[in-house]
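These notes are about the structure you will find just below.
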Amino acid sequence: MIMWKKEYSIGIDSIDAQHQQLVNIINELKDGIDNKKENEVLKETLPKLVEYSKIHFHDEEKQMEMAGYTDIHLHKAQHKILINQIIQVLEQLKSGKTNVSISLFDFLKNWLLKHVLDHDKEFGYFVNEKR
Ligand SMILES: [Fe+2]
């Protein structure tokens, strides 16, 4: 399971809350993997993660626009890559090229946290320095 840590916070409450929700969905997916509910992971949890990620990235980009964030274009490009990655993973699983396994959880954990720590935090610093 991913345990939420203070260091994951980027200092913007609304975005932190959405990141925690993404962590919750990834943890739900881990629970499904542990309990051998592959079908549920594939048909419900992973599509839910894709949908919520789209909503979250969109909200985050809106906040970046409003804040006049200088690196918004780079950040948007990162979001595109991230969405494409999980859609691709979902397609591979659906087609049976890969199976639902613990490596899926490891991948998603890294997928989210690396972006939060490397990229979203930069936006947090930008906003909080301007305040
Ligand atoms: Fe982001």
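Read the numbers this way: they start at 1 and go in the same order the structure lists the ligands and their atoms. Numbers for residues simply follow the sequence, beginning at 1. Atom set for the values below is all heavy atoms of this structure, side chains included, hydrogens, waters and symmetry mates excluded. A quick note: this is a predicted structure, and the numbers were derived from the prediction, not measured.
The side chain to side chain contact (heavy atoms under 4.5 Å, CB included) test with Val100 is passed by exactly one of Leu93, Thr45, Leu46: Leu93.
No chain of hydrophobic side-chain contacts below 4.5 Å, direct or via other Ile, Leu, Val, Met, Phe, Trp or Tyr residues, connects Trp4 to Met1.
Within Asp120, OD1 is the N, O or S atom that lies nearest to the Fe ion (ligand 1). In terms of distance to the Fe ion (ligand 1), the nearest N, O or S atom of Glu60 is named OE1.
In this structure, His79 and Phe57 have parallel ring planes: the angle between them is below the 30° cut-off, well short of the 60° mark.
Residue side and main chain included, His75 places an N/O/S atom under 2.8 Å of the Fe ion (ligand 1). His119 lies apart from the Fe ion (ligand 1) in this respect, since none of its N, O or S atoms is found at a distance under 2.8 Å.
Once rounded to the nearest 0.5 Å, the distance linking CG of Leu29 with NZ of Lys37 reads 12.0 Å.
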